[in-house]
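Keep in mind it's a predicted model, so treat the numbers as computed, not measured.
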Amino acid sequence: MKRILLLAVLLSASCQTERPPVQSPVQTPKPVARKEFRGVFVATVANIDWPSKPGLSTAQQQAELIRLLDLAVKTRLTAVLLQVRPAGDVLYASPNEPWSEFLTGKMGRAPQPLYDPLAFAIIEAHRRGLELHAWVNPFRASHPKATGPVAANHISRTRPDWVRTYGKYRWIDPGEPAAVDYVLGVIRDIVRRYDVDGLVLDDYFYPYPEGNAEFPDAATYRRTKTKFSVEDWRRDNINQFVRRLYTDVKQIKPAVRVGISPFGIWRSGIPAGIRGSGAFDTTFADSRLWLANGWVDYLAPQLYWPIDAREQSFPVLLNWWATQNPRHRELYPALYTSRIADGTPQSWSASELVNQVALTQTTPGVSGYIHFSARALLEDRDGITSRLRVAPTALAR
């Protein structure tokens, strides 16, 4: 803590372009390896989980983050997956990208007093025996919940030729080779400068379809003069990105684990009886290939449906993913914990979630799970946090 505060004194809080600090050299014990991985996604986009609202003071932000980390320990979790790059904006001291509006209330404005939230989170997580994974959204370039002015060093202003508007969002075009190089450079910078235990992406590669509208990358596609169909070309763009991501991270720090949390249905009709939009055809994410080729250390398919869903059965999908893993990578399904008592017609009880956890513990080839997201745990919806505090292997009793 003292090192981080000293860092803040030495930096100019008003200068976004000033070179950020090397991460604090404070040495804290690394988390102990465990047989079962129990994680939680902490979403910063739209202030879903942290900080509770934009523009809080540094002391308030840190207090909220410590509360989250303490909750993770009390809930017997082993890892926190902190979203540090929601949409071309960041929650750490970056040499190239602006501070997030969701952190300070204005894109490009540094926290006051100045500190580095990612460095702070790593130190505090490790002190509690928790892993800290940096969660990055690689291609999303804006979010409709961010309503303030865009900073001069945001990707949409520095390289508007790489950015496409689609629906209410803007996206970095994965078909632009230089744009992919840029995104990989952002990730390499995180891995080099921070003592993260993992680097994780979620399900946003190409955007989910907006009605019948096509993603506006036709000009990019024509310039490539590829023999691939546009769909196969998009999938190949993402495949090559994932392959390079894994290689780059391992070349810098082999111990840093690379994870991806794709949409839970790979393709509609696979396995038999499963129906729904599959990532292979919607976001052009061939996540089964990444797992089969060993381009991830762990995969966390988003299995956001109840156990008794007829066409999106949680146990059917869980078992299928467990059989698609010839290189024996780790499989940690993402659970829709925030669906508990969320006020929608689709909401479910804490018992549904507890039973899903129990299935992860009894399915061969599955070695953990990840909650999405921390909000439901903070609110202890339907008593879920209290139930998770019991010994994890006793959850279903």
> Are Tyr246 and Leu331 grouped together when hydrophobic residues (ILVMFWY) are joined by side-chain heavy atoms under 4.5 angstrom apart?
Replying inline: yes

>> If I compare all heavy atoms of Val42 with all of Ala374, which pair ends up nearest, and what's the gap?
In response: CG2-CB, 4.2 Å

> What orientation do Tyr298 and Tyr332 show, parallel under 30°, tilted 30 to 60°, or perpendicular over 60°?
Replying inline: tilted

>> Can you confirm whether or not the ring centre of Trp290 sits under 6.0 Å from the ring centre of Phe205?
In response: yes

> Any side-chain heavy-atom pair from Asn137 and Leu201 closer than 4.5 angstrom?
Replying inline: no

> Which atom names give the shortest non-hydrogen contact between Ala141 and Val163, and what distance separates them?
Replying inline: CB-CG1, 4.3 Å

> Can you tell me how far OG of Ser349 sits from CG of Asn355, rounded to the nearest 0.5 angstrom?
Replying inline: 8.0 Å

> Which residue pairs satisfy the salt bridge (Lys or Arg N to Asp or Glu O under 4.0 Å) criterion with at least one member in residues 140-157, sequence neighbours excluded?
Replying inline: none

> How long is the span from the CG atom in Asp382 to the CZ atom in Arg387, to the nearest 0.5 Å?
Replying inline: 7.5 Å

> Is there a donor-acceptor pair closer than 3.5 Å between any side-chain N or O of Glu330 and the backbone N or O of Leu299?
Replying inline: no

> What salt bridge (Lys or Arg N to Asp or Glu O under 4.0 Å) pairs are there with at least one residue in residues 258-274, not counting sequence neighbours?
Replying inline: Arg267-Asp281

> Mind checking whether Phe263 and Trp305 have ring centres under 6.0 Å apart?
Replying inline: yes

> Does any non-hydrogen side-chain atom of Ile66 lie less than 4.5 Å from one of Arg128?
Replying inline: yes

> Is the distance between the ring centroids of Tyr206 and Phe139 less than 6.0 Å?
Replying inline: no

> Quick one: are Gln61 and Pro111 in side-chain contact, heavy atoms under 4.5 Å?
Replying inline: yes

> Mind checking whether Tyr166 and Phe215 have parallel, tilted or perpendicular rings, split at 30° and 60°?
Replying inline: perpendicular

>> Is it true that, when you exclude Lys250 itself, more than 12 heavy atoms of the residues, nucleotides or ligands shown sit nearer than 6.0 Å to its NZ?
In response: yes

> Are Arg235 and Glu231 within salt-bridge range, i.e. N to O under 4.0 Å?
Replying inline: no

> Hey, are the side chains of Leu69 and Val80 touching, using non-hydrogen atoms and a 4.5 Å cut-off?
Replying inline: yes

>> Restricting to non-hydrogen atoms, name the atom on Leu245 and the atom on Val258 that form the minimum distance, rounded to 0.1 Å.
In response: CD2-CG1, 4.2 Å

>> Suppose we screen for ring-ring contact (aromatic ring centres under 6.0 Å, His included). Which residues come up paired with Trp321, at least two apart in sequence or across chains?
In response: none

>> Among residues at least two apart in sequence or on other chains, which ones pass salt bridge (Lys or Arg N to Asp or Glu O under 4.0 Å) with Asp173?
In response: Arg164

> Does the pair Asp70/Arg67 count as a salt bridge with the N-to-O cut at 4.0 Å?
Replying inline: no

>> Using the ring-ring contact (aromatic ring centres under 6.0 Å, His included) criterion, which residues pair with Trp320? Sequence neighbours excluded.
In response: none

>> Which label fits Trp233 and Tyr221: parallel for a plane angle under 30°, tilted from 30 to 60°, or perpendicular past 60°?
In response: tilted

> Which residues pass the salt bridge (Lys or Arg N to Asp or Glu O under 4.0 Å) test with Arg159, sequence neighbours left out?
Replying inline: Asp161

>> Please find the pair of heavy atoms, one from Thr282 and one from Gly278, that lie closest to each other, and give the distance.
In response: OG1-O, 2.8 Å

>> Under the rule for salt bridge (Lys or Arg N to Asp or Glu O under 4.0 Å), what residues qualify as partners of Arg339, not counting sequence neighbours?
In response: Asp342

> Ring centres of Tyr194 and Tyr92 under 6.0 Å apart?
Replying inline: yes

> What orientation do His371 and Tyr369 show, parallel under 30°, tilted 30 to 60°, or perpendicular over 60°?
Replying inline: perpendicular

> Does one side chain, of Asp197 or His126, offer a donor that lies under 3.5 Å from an acceptor on the other?
Replying inline: yes

> Mind checking whether Phe120 and Leu56 sit in one hydrophobic cluster, side chains of I, L, V, M, F, W, Y counted as touching below 4.5 Å?
Replying inline: no

>> Assess, by modelled atom type and distance only, whether the side chains of Ser261 and Asp202 contain a donor and an acceptor separated by less than 3.5 Å.
In response: no

> Does the pair Thr78 and Glu36 meet the rule for a side-chain contact (heavy atoms from CB on, under 4.5 Å), with working shown?
Replying inline: CA-CA 8 Å; Thr78 64; Glu36 184 182 41; over 6 Å; no

> Should Val256 and Ile252 count as side-chain neighbours, where that means a heavy-atom distance under 4.5 Å?
Replying inline: no

>> I'd like to know if the side chain of Asn325 reaches the main chain of His328, judged simply by a donor and an acceptor atom lying under 3.5 Å from each other, with no hydrogens or angles considered.
In response: yes

> Do Asp49 and Thr44 have side-chain atoms, one donor and one acceptor, less than 3.5 Å apart?
Replying inline: no

> Hey, quick one: are Val316 and Phe314 part of the same hydrophobic cluster, counting side-chain heavy atoms closer than 4.5 Å, chains of contacts allowed?
Replying inline: yes

> At what distance, to the nearest 0.5 angstrom, does CG of Asp297 lie from CZ of Arg329?
Replying inline: 6.0 Å

> For the residue pair Ile274 and Ser313, what are the closest heavy atoms and their distance?
Replying inline: CD1-N, 3.8 Å

> Would a 4.5 Å heavy-atom cut-off, applied to side chains only, mark Asn47 and Ser52 as touching?
Replying inline: no

> Remaining members of Met107's ILVMFWY cluster at a side-chain heavy-atom cut-off under 4.5 Å?
Replying inline: Val150

> Between Asp89 and Arg85, does at least one N-O distance fall below 4.0 Å, as a salt bridge requires?
Replying inline: no

> Does a side chain donor of either Arg381 or Thr337 reach within less than 3.5 Å of an acceptor in the other side chain?
Replying inline: no

> For Ile155 and Ile172, what are the C-alpha separation, side-chain angles and deciding distance, and is it a side-chain contact (heavy atoms from CB on, under 4.5 Å)?
Replying inline: CA-CA 8 Å; Ile155 189 70; Ile172 299 172; 4.2 Å; yes

> Roughly how far, to the nearest 0.5 Å, is the CG atom of Leu335 from the CG atom of Leu303?
Replying inline: 7.5 Å

>> Pairing donors with acceptors under 3.5 angstrom, does anything connect the side chains of Gln60 and Glu64?
In response: no

>> For Arg244, give me all partners under salt bridge (Lys or Arg N to Asp or Glu O under 4.0 Å), at least two apart in sequence or on another chain.
In response: Asp181

> Should the pair Arg38-Glu131 be classified as a salt bridge under the 4.0 Å nitrogen-to-oxygen rule?
Replying inline: no

> Under 3.5 Å, is there a donor-acceptor pair between the side chain of Ser94 and the main chain of Asn96?
Replying inline: yes

> Can you list every salt bridge (Lys or Arg N to Asp or Glu O under 4.0 Å) pair that touches residues 203-216, not counting sequence neighbours?
Replying inline: Glu214-Arg234

>> Going by ring-ring contact (aromatic ring centres under 6.0 Å, His included), name the residues that satisfy it together with Trp162, two or more places apart in sequence or in a different chain.
In response: Tyr182

> ring-ring contact (aromatic ring centres under 6.0 Å, His included) with Phe41: which residues, sequence neighbours excluded?
Replying inline: Trp135

> Going by heavy atoms in the side chains, are Ser100 and Val45 under 4.5 Å from each other?
Replying inline: no

> How about Phe102 and Leu91: do any of their side-chain heavy atoms sit closer than 4.5 Å?
Replying inline: no

>> Keeping Asn239 on the side-chain end and Arg243 on the backbone end, is there a donor-acceptor pair under 3.5 Å?
In response: no

> Does NZ or CZ of Arg288 come closer than 6.0 Å to the centre of the six-membered ring of Trp266, within 45° of the ring's axis?
Replying inline: yes

> Which heavy atom in Ile190 sits nearest to a heavy atom in Leu118, and how many Å separate them?
Replying inline: CG2-CD2, 4.3 Å

